[in-house]
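Numbered from 1 within each chain, the chains take letters A, B, ... in sequence-line order. What you see is a predicted model, and the numbers here were worked out from it, not measured in a lab.
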Number of protein chains: 4
Amino acid sequence: MATDQDGEMPTRSRELNTRGQRTMARLLDAGATVFAARGFHAARVDDIVQAAEASHGTFYLYFSNKEDLFRALAAEAADDLARHAQTLGPLTPDEVGLEVIRHWIGGLCDLYRRHGPVIQAWTEAEVSGSEFNRLGADVVGSYASALATRIADVDHGNLDPQLAALALVTMAERLNYYELSGQIGLPESVAVETLAAVTFSAVFGIPAPPAVVGA
Amino acid sequence: MATDQDGEMPTRSRELNTRGQRTMARLLDAGATVFAARGFHAARVDDIVQAAEASHGTFYLYFSNKEDLFRALAAEAADDLARHAQTLGPLTPDEVGLEVIRHWIGGLCDLYRRHGPVIQAWTEAEVSGSEFNRLGADVVGSYASALATRIADVDHGNLDPQLAALALVTMAERLNYYELSGQIGLPESVAVETLAAVTFSAVFGIPAPPAVVGA
Amino acid sequence: MATDQDGEMPTRSRELNTRGQRTMARLLDAGATVFAARGFHAARVDDIVQAAEASHGTFYLYFSNKEDLFRALAAEAADDLARHAQTLGPLTPDEVGLEVIRHWIGGLCDLYRRHGPVIQAWTEAEVSGSEFNRLGADVVGSYASALATRIADVDHGNLDPQLAALALVTMAERLNYYELSGQIGLPESVAVETLAAVTFSAVFGIPAPPAVVGA
Amino acid sequence: MATDQDGEMPTRSRELNTRGQRTMARLLDAGATVFAARGFHAARVDDIVQAAEASHGTFYLYFSNKEDLFRALAAEAADDLARHAQTLGPLTPDEVGLEVIRHWIGGLCDLYRRHGPVIQAWTEAEVSGSEFNRLGADVVGSYASALATRIADVDHGNLDPQLAALALVTMAERLNYYELSGQIGLPESVAVETLAAVTFSAVFGIPAPPAVVGA
DNA sequence: GATGAATGAGAATTCATTCAT
DNA sequence: GATGAATGAATTCTCATTCAT
């Protein structure tokens with residue numbers, strides 16, 4: 001009756017009682033840590049298992065392989081980001097509008113920081129065409145279309161809203177990446193400020209109002 | 001040009017006669033192809049050797065390992081890019097300035113397209129701290145400081161030139177990445193136009209002059 | 001009846017109350033099913049446990065391992081067969097003698113069909129020298145000596161009764177095997193008829209009397 | 001160009017020079033030995049590799065897995081047997097006919113003895129429906145149809161030629177099996193004699209002529 | 001009696017690298 | 001210069017069995 005043939009889904013197919021849930025959580029945490037430290041490819045199941053203080057067999061009780069665990073982490077990150085992407089309100093060419101942008105990008109940066117390791121690992125996770133590429137593209141797409149909608153409302157005619165939105169979003173994404181990867185070290189607040197200012201200028205074709213000190 | 005950082009150097013120390021040069025070229029080509037197709041980690045020496053119609057032994061005659069070959073490809077790409085980064089001239093708040101930006105970004109896009117596979121592979125090549133990360137950061141850094149210099153010349157005071165330049169360069173880089181990876185398909189000319197317009201707005205705080213048809 | 005050959009005996013030593021008996025029966029049934037479906041080696045304890053809707057722990061409450069459960073099934077089959085082997089009466093060179101043979105072989109076929117999965121699995125169960133080989137040899141031996149006795153009674157001098165009996169029994173066994181394994185599909189009645197006719201001819205050196213229609 | 005995607009065929013895809021051929025032969029020999037000693041399931045790649053005095057890696061250079069090596073051995077055995085099956089000439093109800101049968105069955109026994117380990121292992125190799133079952137059924141089928149043709153020529157009307165032939169062939173096969181597996185020890189010559197006599201009786205419905213001493 | 005989470009030894013497989021020819 | 005057979009360390013994954021609840 002049970003069609004036991006497929007490989008992928010030891011997880012979530014079983015009702016787990018408290019002990020099991022805790023073990024699974026431990027494995028997920030360990031996974032996040034290890035992926036962050038070594039990247040997806042270099043991470044060995046053995047590393048994760050050790051970090052989680054579990055046995056090899058236990059790992060495969062909960063996940064069918066390294067990718068399966070990673071998928072769980074990635075899905076969570078993608079959900080959080082996609083949900084946040086929708087929160088951008090209408091934009092006005094004034095200090096209020098700038099604050100809206102600043103707040104939205106700030107939220108993006110926060111999430112990036114929280115899920116950074118996973119996001120970076122999924123960039124690396126597989127080559128063109130993998131499910132993780134799609135996941136990444138979906139997230140970027142969510143942000144881009146949210147922003148595109150607001151740009152289209154303003155529409156001063158000089159920009160393709162879709163494309164401009166995409167460019168601005170990738171800018172935010174990538175600056176976060178460089179910051180997180182430690183290759184370039186800058187205070188976050190400034191980065192958010194800069195990203196917001198560039199976005200504002202691009203959307204309205206005017207300089208961003210001067211930053212209010214202490215904002 | 002390559003300054004042989006370490007102990008690995010079976011080659012380039014030897015004068016190669018014609019046959020040897022051709023074999024080496026074949027291996028480099030094959031490497032570029034294979035890295036493009038499968039990414040750095042998934043690429044096996046065996047793949048490269050087969051694509052080059054050479055033997056395993058031959059590979060190790062020219063390169064000390066997979067990374068060594070990749071380094072050669074990456075160094076070439078990095079050189080080309082770093083050289084091009086320097087070509088940005090002074091910017092003016094008019095159609096001429098826009099054209100300068102457009103041309104510079106266009107060149108960047110061309111190079112990205114030419115060396116794309118290698119660039120993507122080096123993003124993936126290794127995690128935080130690897131020599132390839134440094135290489136990538138260096139390239140981005142070259143572009144960013146070239147642009148920062150020009151922004152500082154203008155200086156309308158609302159932006160940190162370093163940071164804004166960095167943001168704008170990552171935007172260009174990342175949009176190219178998405179275009180190349182096929183996850184998002186858009187006509188190049190438009191992308192260049194959009195990147196240039198956003199950059200122009202950011203630098204001068206005014207809308208980019210309308211695009212001249214056919215530019 | 002089972003004389004517990006060795007140290008393994010978590011069960012059968014204990015009086016089981018009704019619940020326990022039912023659980024054990026469920027496990028035995030599940031075992032038969034799973035061994036039939038996947039063979040001895042490929043059958044996992046997990047498969048059996050799932051089929052029996054029991055837990056892993058429960059399995060080891062009743063059997064010390066997979067082999068132990070299998071032994072129980074095999075012993076039952078072997079008992080049935082050995083008992084039936086003894087039921088062959090004296091043979092006469094006429095229609096009555098043929099009917100005796102036919103009936104005996106028919107019974108063998110019935111039992112083979114009932115216990116087929118287990119019989120097949122024990123063929124596979126282990127290589128040369130295992131206890132299951134011995135079990136199989138014993139069963140074949142029982143049949144062979146029963147038949148040998150009757151052949152010796154007739155003794156037309158051209159055959160070694162032991163050997164001929166063995167050959168004829170293996171014939172019956174193996175034809176059943178092929179039929180059961182589905183590799184060759186033939187109506188049972190015909191198979192019994194053919195086996196009986198060949199046996200009759202071999203024993204008496206004359207053709208079997210023509211089959212009575214509907215026999 | 002090379003469609004490198006499938007798993008199964010490192011072998012025979014490469015032109016092997018002498019060294020390679022010898023290694024492959026060593027692995028095949030070792031495989032036959034190990035399969036004979038432990039059976040298909042219990043045989044580990046490691047056993048084979050040790051017997052062949054080769055390394056683990058070398059094994060996978062020539063075969064994609066244990067099954068692949070076994071397939072090679074099985075195919076050879078099946079070929080030999082299928083070819084021999086065709087060599088049965090017309091049967092006459094006299095000493096000559098008996099000799100023909102005796103010779104044919106003798107050949108079968110010889111081949112069984114030569115390829116016995118493999119034949120036994122393939123019986124065990126996998127459960128219902130595997131390619132090895134089919135192989136076995138094919139071989140039995142070849143023998144059965146060769147014999148069926150000769151029985152049909154005689155046709156004394158009391159037997160279904162197909163079925164009788166099948167029964168007689170399985171008898172020969174299985175008696176060999178028991179002999180080889182050592183569960184029952186008998187001099188070969190007698191076994192052949194008995195098998196031939198039973199077959200002769202079944203085909204012609206008369207006793208086999210007395211064996212000529214020294215035949 | 002029953003459960004099912006945890007264990008860990010064991011087996012398979014891959015692939016970078018070496019080396020004799 | 002070139003070859004390709006051989007190597008073996010590293011890694012993944014499976015499954016019988018135990019044990020705390």
Hey, does the side chain of A:D47 reach the backbone of A:R44 with a donor-acceptor pair shorter than 3.5 angstrom?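 Confirmed, A:D47 side chain pairs with A:R44 backbone.
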For [X], what residues pass the side chain to side chain donor-acceptor pair (under 3.5 Å) criterion, not counting sequence neighbours?
X	result
B:R22	none
A:T58	A:S55
C:H56	C:D46

When you measure from the side chain of C:K66, which nucleotide among F:dA5, F:dA16, E:dG1 comes out closest?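 Closest nucleotide among those given: F:dA16.
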What is the distance, rounded to the nearest whole Å, between atom [atom1] of [X] and atom [atom2] of [N]?
X	N	atom1	atom2	result
C:H41	E:dA11	NE2	C1'	14 Å
D:R22	E:dT21	CZ	C1'	14 Å
B:F59	E:dC19	CZ	P	17 Å

Distance-only criterion, 3.5 Å: show the donor-acceptor pairs between side-chain atoms of residues 25-33 of chain B and protein atoms not counting sequence neighbours.
from, atom 1, to, atom 2, distance (Å)
B:R26, NE, B:A52, O, 2.9
B:R26, NH2, B:A52, O, 3.3
B:T33, OG1, B:D29, O, 2.9

Hey, is the side chain of [X] poking within less than 4.0 Å of OP1 or OP2 on [N], counting only N and O atoms?
X	N	result
B:Y60	E:dC19	no
D:Y62	F:dA5	no
D:S64	E:dT13	no
C:T23	E:dA2	yes

Step by step, work out the side chain to side chain contact (heavy atoms under 4.5 Å, CB included) result for D:W122 and D:L73. CA-CA 10 Å; D:W122 96 40; D:L73 293 171; over 6 Å; no
Short heteroatom pairs, N/O only, protein and nucleotides 8-11 of chain F, under 3.5 Å:
from, atom 1, to, atom 2, distance (Å)
F:dG8, N7, D:G57, N, 3.3
F:dT11, OP2, A:R44, NH1, 3.2

Working note: D:E131 + D:R134, criterion side chain to side chain contact (heavy atoms under 4.5 Å, CB included); need CA distance, chi angles, decisive distance, verdict. CA-CA 5 Å; D:E131 61 177 310; D:R134 236 166 297 128; 4.1 Å; yes
Which residue, A:D46 or B:R26, contacts DNA chain F at a nucleotide closer to its 5' end, judged by nearest heavy atom?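 Upstream on the strand: B:R26.
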Name all stems that contain residues of DNA chain E, defined as runs of 3 or more consecutive Watson-Crick or G-U wobble pairs, both distances under 3.5 Å.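 Stems found: E:2-21 with F:2-21.
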Under the side chain to side chain contact (heavy atoms under 4.5 Å, CB included) rule, what do C:E67 and C:F132 come out as? Steps first, then yes or no, please. CA-CA 10 Å; C:E67 210 169 300; C:F132 297 118; 3.7 Å; yes
Just jot down the side chain to side chain contact (heavy atoms under 4.5 Å, CB included) partners of B:A43, sequence neighbours excluded, or say none.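 By the side chain to side chain contact (heavy atoms under 4.5 Å, CB included) rule, B:A43 matches B:V34, B:F35.
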